[in-house]
Amino acid sequence: MRGAPSHRVGCNLLWLVPGVVGGSEEYTVGILRAWVRQADRFPDLELVLFVNQSFPARYPDLVRDLRCIVAPVSGRSKLLRVTAESTWLAWRSRQEQVALVHHMGGTMPARRTAPGVLTVHDLQPWDLPQNFGWAKRVYLRVAVPRSARAAVALVTLSSWAGRDVARQLAVDPARIATVPPDLPVALEPAAPVGTVRSAYDLVGRPFLLYPAITYPHKNHETLLRAFALAVRSDPATVLVLTAGSGPAEPECRRLIGELGIGQQVRRTYRVPSDHLDVLYREATALAFPSRYEGFGLPVIEAMSRGCPVLASDAAALAEVVGGGGELLPPDDVEAWAGAIRRVLDDEPYRADLVRRARSRAAAFQSGDSPQKLAEVYRRAIASSRGRVR
């Protein structure tokens, strides 16, 4: 019979508002699900999730499989969330006798009652400050370095992001651990292919897929211009744009009209996960022109399903994609148009991209990431006994 765990680790998820925080949500939920699948490997550690009020309805499996404590905040008000982290979370951490709190959203509260581990997904406020309002930029430029200094250990999703954190926040690289996403092996699609194609008017039509909120750095503009150039005489081909609406949404809509491709663009917004799974499998290619990623989870999700990948060579994407796809300059419209045309027309080339994608995805299906995270927790607990950082 399994004994009681010797250490309880809290996970601060008050920031995780489903459908709002983008790729950081997918990574965090994915790593927690991977932990659940491998929980028997960590009998000395128990995870306790501190979540906002909107979390349980979206992720009932995590609420079922892990101890989950709901805060009296929705998470949508940053002021209330930050206040709750320094008051309610500090109190509940003490009540739950946690040895460590993993702050998985990029910042730690100023007031804490347990040592902290910090996940930094990326440093956009430093690298792309123009994407943030002045208030948020100022807040993050203060809160992130303070949190990094106070953390017992830091986690990044890629080596590129780790180097960026070490350089820009003056953090000792020895304190930073890389814990990439850990994807389960892709099984057969849960949704019928015909049903999904019909839902988005894709029956009998080749299509490209880009699952990204319309943030400026996601660079939908380059993709829209390249797509229009590539399919000028090919009205059957479609571009599917999933995920939520961001600040660049009005410009995307304007550009779609200006380019005359409204009949060939499917703007679906957020789609169910089983539908996205089918879209990955059925797409002629994933087109991912983002200018900035701390990892770029959709490219690995696509590769794991045998979807050819066209991606930018910016930030962490070159490291993540490796030889598993075609890397392109993010703002070279003609290069993107040529790659799109080739993947549509050249079947041997597309078949080679499928082979390369599956091979590269296997590196992220090893099951090692929960073990890496457990090692971070054990080292952090050992180094912080008797003190709060």
Side-chain angles (χ1 to χ4, degrees), residues 12 15-16 21-28 31 78 81-82 85 101-110 112 115-181 212-213 215-219 246-248 288-297 299 311-322 327 329-331 369 372-373 376 379-380 383-384 389:
N12 174 12
W15 56 275
L16 200 163
V21 294
S24 56
E25 174 184 351
E26 306 304 326
Y27 167 78
T28 302
I31 204 74
K78 177 162 287 190
R81 189 260 295 172
V82 170
E85 286 182 329
V101 176
H102 186 174
H103 301 273
M104 305 177 91
T107 62
M108 298 199 324
R112 302 175 302 280
V117 168
L118 177 70
T119 293
V120 180
H121 295 267
D122 58 51
L123 289 179
Q124 271 198 68
W126 281 256
D127 297 324
L128 296 175
Q130 68 274 17
N131 287 355
F132 296 83
W134 72 267
K136 186 171 184 179
R137 186 168 64 245
V138 169
Y139 167 74
L140 291 174
R141 293 291 291 251
V142 172
V144 175
R146 172 186 56 75
S147 300
R149 289 192 298 271
V152 181
L154 291 89
V155 170
T156 59
L157 284 61
S158 64
S159 297
W160 178 88
R163 291 191 297 272
D164 201 34
V165 167
R167 177 176 61 87
Q168 301 219 56
L169 301 185
V171 173
D172 181 355
R175 295 175 55 216
I176 303 172
T178 300
V179 182
I213 296 174
Y215 291 126
H217 71 277
K218 296 297 185 178
N219 195 22
F288 204 85
S290 176
R291 298 188 182 100
Y292 187 88
E293 298 291 327
F295 185 84
L297 184 58
V299 300
S312 77
D313 59 6
L317 286 169
E319 171 191 334
V320 173
V321 174
L327 292 169
D331 296 311
S369 292
K372 291 177 180 177
L373 193 58
V376 171
R379 288 196 302 269
S383 67
S384 60
R389 297 287 300 275

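Treat the numbers as computed from the prediction; the structure is a model and nothing was measured. Scope of the values below: all heavy atoms of this structure, side chains included, with no hydrogens, waters or symmetry mates.
- With sequence neighbours excluded, the residues satisfying side-chain contact (heavy atoms from CB on, under 4.5 Å) with Pro173 are Ala166.
- For Thr28, the side-chain contact (heavy atoms from CB on, under 4.5 Å) partners at least two apart in sequence or on another chain are Leu13, Trp15, Leu16, Leu32, Met104, His121.
- Ile213 pairs by the side-chain contact (heavy atoms from CB on, under 4.5 Å) definition with Tyr215, Ala243, not counting sequence neighbours.
- With sequence neighbours excluded, the residues that form a side-chain contact (heavy atoms from CB on, under 4.5 Å) with Ser147 are Thr107, Met108, Leu118.
- Residue Ala315 comes nearest to Arg291 through the heavy atom pair CB-O, 4.5 Å, listed as atom of the first residue, atom of the second, then distance.
- Listed by chain and number, the residues in a ring pair (Phe, Tyr, Trp, His ring centres under 6.0 Å) with His102 are Tyr377 (sequence neighbours excluded).
- In terms of the ring pair (Phe, Tyr, Trp, His ring centres under 6.0 Å) criterion, residue partners of Trp160 (sequence neighbours excluded) are, by chain and number, Tyr292.
- Asp313 pairs by the salt bridge (Lys or Arg N to Asp or Glu O under 4.0 Å) definition with nothing, not counting sequence neighbours.
- Heavy-atom minimum distance, Pro125 versus Leu140: CG-CD1, 3.6 Å.
- With contacts defined as side-chain heavy-atom distances shorter than 4.5 Å, the pair Pro181/Glu26 does not qualify.
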Inset, instruction - Kindly indicate, with the supporting measurements, whether the criterion side chain to side chain contact (heavy atoms under 4.5 Å, CB included) is fulfilled by Leu169 and Arg149. - result: CA-CA 9 Å; Leu169 301 185; Arg149 289 192 298 271; over 6 Å; no
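- In plain terms, the two heavy atoms of Val171 and Ala148 that are nearest each other are CG2-CB, 4.1 Å.
- Residues Ser290 and Leu317 approach most closely at O-CD1, 3.8 Å, considering heavy atoms.
- Rounding to the nearest 0.5 Å gives a distance of 7.5 Å between OG1 of Thr119 and CG of Leu157.
- Looking at Val165 and Arg163, their side chains never come closer than 4.5 Å, going by heavy atoms from C-beta outward.
- Residue pairs meeting the salt bridge (Lys or Arg N to Asp or Glu O under 4.0 Å) criterion with at least one member in residues 123-148, sequence neighbours excluded, do not occur.
- Results of the side-chain contact (heavy atoms from CB on, under 4.5 Å) test with Val117 over Leu373, Val155, Leu154 single out Val155 as the only residue that passes.
- Closest approach of Val299 and Ala311 over heavy atoms only: CG1-CB, 4.5 Å.
- Arg167 pairs by the salt bridge (Lys or Arg N to Asp or Glu O under 4.0 Å) definition with Asp164, not counting sequence neighbours.
- Looking at Asn219, its side chain does come within 3.5 Å of a backbone N or O of Pro289 through a donor-acceptor pair.
- Here the closest heavy-atom approach between residue Gly294 and residue Ala161 is recorded as O-CB, 3.9 Å.
- Under the side chain to side chain donor-acceptor pair (under 3.5 Å) criterion, Asn12 pairs with Glu85, His103, sequence neighbours left out.
- The side-chain heavy atoms of Gln124 and Asn131, taken from C-beta on, include a pair separated by under 4.5 Å.
- Residues Pro145 and Trp126 meet the side-chain proximity criterion, which asks for heavy atoms closer than 4.5 Å.
- Note that CZ of Phe295 and OG1 of Thr156 are 11.0 Å apart. Values are rounded to the nearest 0.5 Å.
- The ring pair (Phe, Tyr, Trp, His ring centres under 6.0 Å) analysis of residues 131-156, with sequence neighbours excluded, yields no pairs.
- The shortest distance between side-chain heavy atoms of Val179 and Ser369 falls below 4.5 Å.
- Not a single side chain to side chain donor-acceptor pair (under 3.5 Å) links Ser312 to another residue, sequence neighbours left out.
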